[in-house]
Amino acid sequence: MTTSETQPGQQIWRRAAVLPPDAIETIATAAAALDQGERSARENIRALAGLGVLGLGAAGDDDGGLPAMAAVLGELAAECMSTAFAVWAHRMTIQYLTVAGTAWAAKAASLLASGAVLGVTGMASAFKDAAGCGSLDLTATADGDGYVLDGTLRWASNLYRDSILVTAARTDTGEKLIVGLALSTDGVTIGDHFDLLALGSTASSYLKLDNAAIGADQVLSREVGSFLARVRPTFLLLQSAMCLGLAGRCVARARVGLTGVNSVFAAEVETVSAELSAAESTLAELAPAVGTPAPPGRRELLSLRLAAAALAGAAAALEVRTAGGKGYALRTGASRRFREAAFIPVQSPAESQLRWELDRCA
């Protein structure tokens with residue numbers, strides 16, 4: 001990655017940086033090594049914990065910190081999507097624990113905020129179940145005062161033996177629960193980390209639970225519908241911020257490439273740039289409204305997330321087309337960002353789910 005790529009302030013997203021320039025530079029410098037699987041995103045999460053940014057906006061979504069958290073994720077995605085995605089998963093786990101507000105959750109959230117352990121969000125099937133396009137992956141069978149969990153989560157990230165998972169399960173009586181547990185729990189099997197097109201340093205794989213016991217204090221909520229309603233806005237807005245951060249960097253690099261024959265792409269770059277600015281404005285409008293008496297609506301949130309994902313893909317494609325041979329070389333920023341953008345349409349909620357839900361919004 002060249003120096004001109006990593007200087008702060010070049011991409012569109014960063015209107016006012018939250019992270020210090022030296023932190024951004026460190027993450028940008030390590031991006032290629034993470035892309036090649038030579039380092040782990042966990043290192044960056046620990047460093048960011050020291051800056052006190054992992055829990056911004058997590059206090060019930062009403063402390064005014066969510067716009068800053070969105071900015072952090074946008075800045076990270078502009079430099080290294082592997083780091084941004086791992087931080088997003090970690091930050092959402094903090095969100096779930098903070099919203100739950102139980103003693104067990106508070107202790108776990110403190111560990112995550114410190115960076116001592118990583119957070120795993122296993123909520124994809126919960127959101128699909130709530131939307132009516134899927135069912136919960138795990139079952140919970142009563143066992144004394146607690147439960148035993150069984151089933152398989154097909155995809156999760158930040159998977160280490162000391163990580164903490166928050167997920168959903170259905171009991172044998174049909175009740176739905178939000179639960180938390182450490183991956184060191186007996187009966188939890190972590191699959192070999194996936195070999196991915198990009199984001200391979202995010203410790204992503206499947207989780208299999210076989211008679212994994214949890215105590216009653218690890219039930220974080222029995223009101224799954226209201227719980228999801230509280231965390232969904234943050235979930236979607238922070239994902240949108242990642243998409244826009246990546247798109248902003250790609251647009252900036254595509255604009256640099258508009259020389260000579262590549263000037264034929266100028267109109268397309270300006271079109272994507274204008275759409276990006278509009279999406280950024282929408283994010284800037286919606287984020288402060290979370291946790292207020294007039295929160296953003298579901299359609300607004302889903303529409304922004306879908307648009308942000310499309311922008312990331314379009315911007316990455318433009319960067320590759322204006323980069324020439326560098327766009328095809330494996331170890332370049334243009335190639336890495338193109339591969340990172342390819343992940344976004346399948347990240348849960350996938351493009352298919354977003355469009356399905358939007359079609360059914362009143």
Side-chain angles (χ1 to χ4, degrees), residues 1-19 21 24 27-28 31 67-68 70-81 84-85 198 236-288 300-328 332-345 347 351 354:
M1 189 179 292
T2 64
T3 302
S4 62
E5 269 192 87
T6 59
Q7 288 176 350
Q10 286 193 350
Q11 70 273 25
I12 290 174
W13 208 97
R14 191 179 301 138
R15 303 303 187 191
V18 176
L19 295 174
I24 288 289
I27 288 166
V72 166
L73 283 167
E75 293 173 33
L76 293 176
E79 308 297 348
C80 175
M81 192 66 169
F85 179 68
L236 294 172
L237 285 171
L238 294 185
Q239 282 189 343
S240 297
M242 286 195 298
C243 296
L244 298 181
L246 176 60
R249 171 47 58 86
C250 292
V251 167
R253 295 307 304 169
R255 188 172 279 120
V256 170
L258 292 177
T259 58
V261 69
N262 281 345
S263 63
V264 298
F265 295 115
E268 292 173 66
V269 170
E270 292 311 312
T271 295
V272 173
S273 179
E275 293 173 353
L276 175 61
S277 293
E280 290 176 337
S281 296
T282 300
L283 177 61
E285 177 185 346
L286 296 183
E300 293 175 293
L301 294 166
L302 293 170
S303 296
L304 173 62
R305 171 64 172 80
L306 185 61
L311 282 166
L318 278 172
E319 181 185 2
V320 165
R321 288 151 69 190
T322 58
K326 291 185 296 184
Y328 194 68
T332 63
S335 170
R336 172 173 55 81
R337 286 185 286 273
F338 186 75
R339 289 181 282 106
E340 289 171 346
F343 167 72
I344 293 174
Q347 180 189 8
E351 178 181 350
L354 290 166

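Since we're looking at a predicted model, the values are computed, not measured. Heads up: numbering here begins at 1 and tracks the sequence.
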Could you tell me which non-hydrogen atom of [X] sits nearest to which non-hydrogen atom of [Y], and how far apart they are?
X: Ala70; Y: Ala241; value: O-CB, 3.3 Å
X: Thr322; Y: Ala254; value: OG1-CA, 3.3 Å
X: Val320; Y: Ala334; value: CG2-O, 3.9 Å
X: Ala341; Y: Ala312; value: CB-O, 3.8 Å
X: Ala287; Y: Leu237; value: CA-CD1, 3.9 Å
X: Val18; Y: Ala68; value: CG2-O, 3.9 Å

If I take atom [atom1] from residue [X] and atom [atom2] from residue [Y], how far apart are they, to the nearest 0.5 angstrom?
X: Glu300; Y: Leu236; atom1: CD; atom2: CG; value: 12.0 Å
X: Cys80; Y: Phe85; atom1: SG; atom2: CZ; value: 12.5 Å
X: Cys243; Y: Leu238; atom1: SG; atom2: CG; value: 11.0 Å
X: Leu354; Y: Gln239; atom1: CG; atom2: CD; value: 8.0 Å
X: Leu276; Y: Thr271; atom1: CG; atom2: OG1; value: 12.5 Å
X: Glu79; Y: Ile27; atom1: CD; atom2: CD1; value: 8.0 Å

Quick one: which of Leu304, Leu73, Thr282 gives a side chain to side chain contact (heavy atoms under 4.5 Å, CB included) with Ser240?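 Going through Leu304, Leu73, Thr282 one by one, the side chain to side chain contact (heavy atoms under 4.5 Å, CB included) with Ser240 is satisfied by Leu304 alone.
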
Side-chain heavy-atom pair Arg337, Met81 within 4.5 angstrom cut-off: no

Going by heavy atoms in the side chains, are Leu311 and Val251 under 4.5 Å from each other? no

Tell me, which pairs form a salt bridge (Lys or Arg N to Asp or Glu O under 4.0 Å) where one or both residues lie in residues 302-316, sequence neighbours left out?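 Checked against salt bridge (Lys or Arg N to Asp or Glu O under 4.0 Å) - neighbours excluded - no pair reaches residues 302-316.
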
For residues 269-279, pull every pair meeting salt bridge (Lys or Arg N to Asp or Glu O under 4.0 Å), keeping only residues two or more places apart or in separate chains. Arg255-Glu270

Side-chain donor or acceptor of Glu280 paired with backbone N/O of Leu244 under 3.5 Å: no

For Ser273 and Val269, indicate whether the former's side chain and the latter's backbone hold a donor-acceptor pair under 3.5 Å. no

